[in-house]
Structure formats: C-alpha cells, structure tokens
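Worksheet for the structure shown next.
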Amino acid sequence: MIPPFVVDNSPALMVIVPFVAAFIAPFAGRAAPAVRALVVGGAMAITSAITLILASDVYAHGTRLYVFGAQAATLAVPPDSGGIPVRIMFTVDPMSALMLVITAISAFAVVLYSLTSERHHSGLGSYYTLFLLMVTGILGMVSTGDIFNFFVFLEILSIASAGLIAFRIDGGVAVEAAIKYFVLSTIGALAILFAIGIYYGEYNALNMALIAQRIQFTLLDQLALVLIIAALAMKCGAVPMHFWTPDAYSMAPSSITALLVVASQASLYGLFRTVFSLYNITLNAACVGWLIIILGVLSMVVGVTMAIPQKNVKRLMAYHAISQTGYMLLGVGVGLAVLGNQPLLDAFGYMAMEGGIFHIINHAMYKGLLFLTAGAIFFRIGTYDLNRMGGLGHSMKWTMVFFIIGALAIAGIPPFNGFASKLMIYESVFAFNPVLSVIAMVVSILTLASFVKVFHSIFMGPVLPEYRDVREVPGPMLAGMGILALVVIVFGLFPSVVVETLVAPAAHALADQGMYIAAVIGGGA
Amino acid sequence: MDLLLTLDTGAGFWNPVFWVLGAAVAGVIALLLYSLGEKGYKKGTAQEAPFLSGNPEPEKGLVHVRSGNLYWGFLDAMEGYYRRLVPLHTGDLHDYVLWYMGMTALFLVVVVVFR
Amino acid sequence: MVFFNLPYVAVVVLTLIGLATIVLKRNLIKIFLGITILESAVNLFLVSLGYREGGIAPIYTNAPEGLMVLPTPQALTLTSIVIGVATTALLLSFAIIIWKKYGSIEIGFLRRLKE
Amino acid sequence: MKKVLVAAIFLVWAAGLCILPLLLSFGNPAATDMDTYFLRNGQAAAAANNIVTSVVFDFRGFDTLGESVVLFTAVTGVALMFRARKEGEEHEDE
C-alpha cells in the first residue's frame, strides 16, 4: 500500500517536504490565499503522514539509520574507515519515534487551526514559511544522530520560533518577548556549540553514538555535560531559568504557542538524549539524577504557584506548562538517579521513566489543546485578560467542552490521559522517595484549583452585555482542537496500549546505551 | 480483553474502562435519586426567581464574579511566599541571563564535586 | 604549557568579555555585540581545535605534501559563522522595531512583560 | 549582594573555562581518525582538491543545507518584522 520508496527514504522526506513547502508557501500566497492554504495544509498532512509511517516502521523493526550522502542509506560505517561513522546520519530509535509522533499530531492539528485563526493578519506568507521551518527544526532535532547537526536544527528552530513569537508585534510587546527568548536561546545554543567543540577536541567525533562509545567523563566532559544540560533545561523552561517562557508563550499567536510546547519537549528530548545516550553510566547517575529531580520539583511548585495569581490566561497556561515540564523532569530524573542499579531500575526506575515520557506526549496534547482554546476565545472576544471575561459558555459550547477536556486532563482527573501518566509517576516516585510523590500530588491539586478558577471566570456566569453577540469559532479551528481532544480521550481510555506500544520501547531505548551504539556502529565494541 | 486495557503502574494498576463503567453506574443512581425529587414547582412564577432577602435582582453583568476576586484568601494566606517569589520575575533581560549563567555555574560545581 | 595554549586562553578571555558585555551593558545593540563576541569566541575555539603543529592547509596542490591540519573544524566554523550572521540580523531587526515602538533601546524599558 | 553573586558566577565560569587551556593542547589534537579519513579519501570521494570543500559539500553537506535554511529563516524573519501591517491589527491588553 505504502510505496517502499517512501518508507525507505522517510527520514529524509519528512525534513525535505516541509523545507520545500516553506520555500513555495510565500509564492503560492501571491496567487491566492486559498492556494497557500492548500500548499501549507497539504505539505503538513504529507509530512505528518510520512512521520507516522517512519515512526510505525521504527516501532515495528527497530532503530532506523539514514546516512546522508553515503552509497547506501543504512551504511553508517564506511568499510575503509576503520569502524567510525563519518557522515551525518539520522538515528531514529523508539524515543525519537515517540517525539516524531507527538510532533506529527500536534503540528497537523495546529496547522488546521491556524489556517483559519490567523487569516485576518498580514505577512501570512512569511508566517507559514516560518511555521513549516519550525516543524522541520523539531523533526530534525529529535531524529538526528549527529551532534553538530542537532545544533543546526536547534538554531533553525529557535530562529523560526523567535520570528513567530514577534509575529503579532502588538505595540512592540511581542518583539520584546521575542528578544528575551532569542537572546537566551542564542546563548544556550552557543554553550551547546562549545560543548560540541569539546567533544570534537577530545574524541574527534561528532556522531553521538561514537562519542557515547568513547566517552571517559574527564573534567572536560563534565564541563561539556554542564553546558549542554543547563542550556537545554533553560530551553525547556525549567525553574529557575523559566523566565522567558511566560513572556514568549503569552505573546506568540496561540497556534504557535501550541507548537512552542512541542519545541520545548524537543529540548527536553535533547536533554534526556545527552544524559542517557551520550553519558549513561559514565556519569555519577545519582548526582545528575538528583539535579534533574530538584529542577523538576522546583518547576512543579514554582510553576503552579506562579500560575494562580495570573490575570492573562495565556501567561497562566504558560506557568502551568512549566509546572508540567517538572513532572517529566521528575519522572525521568528518578529513572536516571537509579541508572546502573539494575534491581532498583526494574523495581521502579523504568516505570518512572515511562511515566515521565508518557507525560511528554500527554502534555503536548492537552497543553496544545488548552492553548488553542485560549486562542479561540481571543479570536472571538479580542482579549486574554481573565478579569474581562465571563459567560462565554453560553455561546462557545464546543470551545467550552474542549477546554473542560484539556483542563481535566492537565489536572490529572480520571479517566483523561493526564491521570494515567501522573499515576505512574506518583507510584514509582513514591517507591524512590515519598516526599517527592506527595509534592507532585499537591501540585496536581493546585493545578486543578487553578483551572477551576479559569473555567469559572471564562465560561461560567451570566452572558455579559459586551459579549452578547459572540459566536462559536469556525469549523476548521474546532477541527484542530477536536483532533487533540480526541487524542486526549483515546489516550486516557486506553493508556495501557499507548504505554506498551509507544512509551515502554522509548524508555528502554533511552536507558539502553549499548543498543544505541550498536545500532550505529554495530557490535558495540 | 480486560487484561489488555489494564495499565500496570508498578505498585498498582489502573483501568479506565472499568472506571468509566463505574462512573456511569454512579451517574444512573444519581439520576434515579434526582428523579425522586419535587416535581410540583410552577414555571413562570416567583418560584423561579432568586431570593435575595427581598432585594431586587442585580443586573447580569454585576453578578459575575471576575477572576481577580477568586482565590484572594489563598493569595492572602500565602502572601509571605508570593512577596518573595513574584519580585524575582523582574522582566529584566540581564536577570534572565544571570539566572541561566548562575545555574550553569551551580551545575558545574555540583557535577565536578560529586563526580 | 599554558603559553602554548594561547588560542584557548584567548577563547576563555573572549567568552568572558562576551558574557560580561551581555550582562553589564544596558543598550540592546551592545548586548547583541556581546553575543557576537561570544560567537567569535566559539568560532575561534572550533577553528583552533583543528590545528596541528606544523600543518598546512588541507588542499592538495603540486607542492610537496606535508602534515595537514584537520578540515572538519573549518567546515563547522563556516556553518557556525553563517548561523551567527543570521542570528545577528534577526536580533537587529527586533531592535529596530523596539526603537520604533518603545522609543528607546535601553534594557530598562524592555520590562513590560513581567511577573 | 547582587554584585557579589554576579562576581561569583563569573568566577566559576572563568574557573570552569580555564579547564580548556589546561587540559587541551593546542596544535596536538588527541584523536584524529575521522579527519584522517577525510584527508585520505576526500580528494577521491568528493572530487575536490580542497578537503574543506569536500567536507562542507559532501561529507557534511546536510549541515550546509541546514545552514542555508538558517539564513533563509532569518531573512524571512526580518521580512516578517518589516512587513506592511494592516490598520488595527495590533492588540495590547491594558
């Protein structure tokens, strides 16, 4: 059914299709906006399809290699090179495949939504170009197996994001948010480049598997580790380096915010990939694991408590995004802290990692959904200010339903997907350290409290006079939200299927460094 | 079938389908209890109007409790915490960069000391 | 020992200068200059990684062959320079918009988003 | 107080970065196998006398594609900033 050419070249195609569409989009817009919508929507649909094909192939047949420019796409190590991979390659293992699934679903829903929600704006040609490049950046970041290539895609992602955050201008405020984001992410990217230089200088290698094979954890490696994890933790919005997050999330157009959430998860993926695949047990797992756990706990607590007094609905949701990132850091951090201790890892370590990784995919879905509903409300009433909202439940019923689904999912109310992943995190973390688990539960309660407030002040109450003729948002926007809501419900009702098919292979692929090295270099020797 | 849908979470398990069935049963019971209630009220009379100690009902726009008025008790109780936390979010780019650099420095010290 | 590592010492000094410029200067353009200095430091680091004692440029000519310096860092630096240019261009265009809208590019005015 | 903290941060950064000149030795890379491969095979594999060219456009050509996309992205971003905006498009709360 699917041509073998597509399956064989899917890693290249999923990057090339949005590339080419990004170049075409502005010119298509010259003909007619509808043509551009067709090009962008079609390209995104094709990209999502290819990405899902690749992911299912990886889940069925194990890690996929795609070597750019070699005689054969799977020829990682040239026969005359003495056993080292010399070319840039994509290494798509189950963890990458999981991120690819997230990106495919989110980006497709978001593009469907944004074709309608942004149609009254100027500069849409550039908007869609940057949108597609941002998707390219995420896809490349999560699938590359070459650390310098990772940096290049990271820069594509942050430049495109910065442009899109500033898209609305909004009297300069959006540009201010973009400057804050971009200065920080440039410094972070330069720190990562510094670390890449250190790896190169020590091991003469840029391939992640080769570095992983050769790594010694000398003083230089420690410096490189610190530079990378601090930069990537900053880019995923961990407290206390989260300050850019509410600014950027609140000023970007809502559809972009939903994609920025996925971009943050891609940074998180980079962090986990560095710690697990590059270093694994050479580092002091307990020490670095506790660092990540503490970051996670701080993020959870500070994020949720800062969210409660917010007046701007998107700032509030951005703080919740920080808080939810904390859960992922906590779960995977616990897995890292017991790495190298096989009994503990089997007892609760894998479960904690699965919980954290499951939370990544859940978070991208429900947080994307929530940001899209916030955008839908803005689309109709033109403000994000919670104090000026009220009574919208009478006129925007579908938006309200989607908001309820997202809010209950983020608060961890059964039977939505947030509950399943949070339960896994609670129970496994409880076995590691009960205090952390209790903190996580309290944060979850505060999240629920905060969203009850938001729900009340947006949708409840009598119809306000100023919003008497507000109508429901157009169909395509509802469809975009509907896709994500459907995913939230399905993942909530069948968590075991998702965990067994998507999450558990990802967690094991992450923890098993030998498999990663063997997939690229072969034999692992 | 139920084996397929049960999520093993380490110490326990979680089966959302059973949960939904249970919730549906509880809902049916609640509906039954509700249907036993008073049916004899008359539409269109003063029985429908809210009773506010005899005062006239205020306008719709004034009834709505705005978001700024919610949770003031919580914020008031946590005032000491918020007084310290909120001023850290200065909005100053220098502070953003300094926090990042400071955390990098802290990580470096921790990783090098506990290697 | 350290004397022969003079390029790396220069990298350290340039990095610190760049960071200090970013953190201490209050003018946006100067902050962006700091970022550029930081980029230069990283580029210098990359390029000096590839040097080999007595090596020649990695180009095959009719001249007698000798030890060649490593080519990869030069390629990486080329990429990194272009990325740096792109970054700077976007940052400067942001600064122009800020100048138009806020009437100043002092960092103290860039604080409308906070808390 | 803040000044002391800033000074401490810079001190740690300086100390951390000083690892570089202390542990790396300039002009004497620790390992060279990947570059040796390039130097030996670059001329034949990529048909370029300049090995840097063969690395940039062949062995690491995908990076170069990414680099040009970065440039394109930045140009698009700049164009987005200086576009002609419609009346009443911008929005500010408060």
Side-chain angles (χ1 to χ4, degrees), chain A residues 19 22-23 26 68-69 78 80-82 84 86-88 120-123 126-127 129-130 133 136-137 140 146 148-149 152-153 155-156 159-160 162-164 166-171 173-175 198 201-207 210 214 218-220 222-223 226 311-312 378 382-385, chain D residues 12-13 15-20 22-26 28-38 40-42 44-46 54-55 57-94:
Chain A
F19 261 0
F23 279 98
F68 289 92
D80 55 347
S81 71
I84 52 164
V86 291
R87 289 173 186 270
I88 294 175
H120 299 306
H121 265 270
S122 58
S126 313
Y127 173 88
T129 304
L130 290 182
L133 288 172
T136 315
D146 186 283
F148 191 77
N149 201 236
V152 171
F153 277 110
E155 280 287 5
I156 293 178
I159 292 179
L164 286 172
F167 174 62
R168 280 184 194 269
I169 311 272
D170 285 357
V173 187
V175 182
I198 292 173
E202 268 192 302
Y203 307 117
N204 201 336
L206 291 167
N207 189 292
L210 191 60
R214 294 183 172 177
T218 59
L219 206 54
L220 280 169
Q222 291 160 26
L223 179 63
V226 165
K311 295 179 201 67
N312 180 321
F378 179 79
T383 181
Y384 289 124
D385 191 350
Chain D
V12 176
W13 269 79
L17 290 174
C18 279
I19 298 171
L20 295 176
L22 288 177
L23 290 188
L24 285 171
S25 66
F26 179 66
N28 186 18
T32 56
D33 43 3
M34 182 170 76
D35 288 276
T36 312
Y37 178 83
F38 288 153
R40 198 171 295 142
N41 298 358
S54 72
V55 172
F57 289 105
D58 188 308
F59 294 106
R60 304 194 66 81
F62 193 60
D63 270 351
T64 310
L65 176 67
E67 161 202 328
S68 56
V69 171
V70 166
L71 201 58
F72 175 65
T73 315
V75 169
T76 315
V78 173
L80 193 63
M81 283 301 96
F82 298 117
R83 70 186 191 264
R85 284 185 291 279
K86 291 181 195 163
E87 198 66 31
E89 185 182 332
E90 295 182 21
H91 151 85
E92 276 177 274
D93 270 330
E94 289 132 324

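Being a predicted model, the structure only gives us computed values, none of them experimental. In what follows, every chain begins at residue 1, and chains take the letters A, B, ... in the order their sequences are listed.
Heavy-atom distances place the side chain of A:Ile84, and not its backbone, under 4.5 Å from chain D. Using a 4.5 Å cut-off between heavy atoms, A:Leu133 touches chain D through its side chain atoms alone. Looking at A:Phe167, both its backbone and its side chain come within 4.5 Å of chain D, counting heavy atoms on both sides. Looking at A:Ile198, the atoms closer than 4.5 Å to chain D (heavy atoms on both sides) all sit in the side chain, from C-beta outward. Interface residue A:Ile159: backbone and side-chain heavy atoms are both found under 4.5 Å from chain D. Of the atoms belonging to A:Asp80, heavy atoms from both backbone and side chain fall under 4.5 Å from chain D. Contacts between A:Arg87 and chain D at a heavy-atom distance below 4.5 Å involve backbone atoms as well as side-chain atoms. With a threshold of 4.5 angstrom between heavy atoms, A:Phe19 approaches chain D through side-chain atoms but not through N, CA, C or O.
Taking the charged nitrogens against the carboxylate oxygens, A:Arg214 and D:Asp33 do have a contact shorter than 4.0 Å, which makes a salt bridge.
Side chain to side chain, D:Arg85 and A:Ser122 fail the donor-acceptor criterion of an N or O pair below 3.5 Å.
Of the listed residues D:Ile19, D:Val70, D:Thr76, D:Asp63, the one with more heavy-atom pairs under 4.5 angstrom with chain A than any other is D:Asp63. Listed options D:Ala79, D:Gly16, D:Ala30, D:Ala31 were ranked by heavy-atom pairs under 4.5 angstrom with chain A; first place goes to D:Ala31.
Closest of all the heavy-atom pairs between A:Val152 and D:Glu67 is CG1-N, 4.1 Å.
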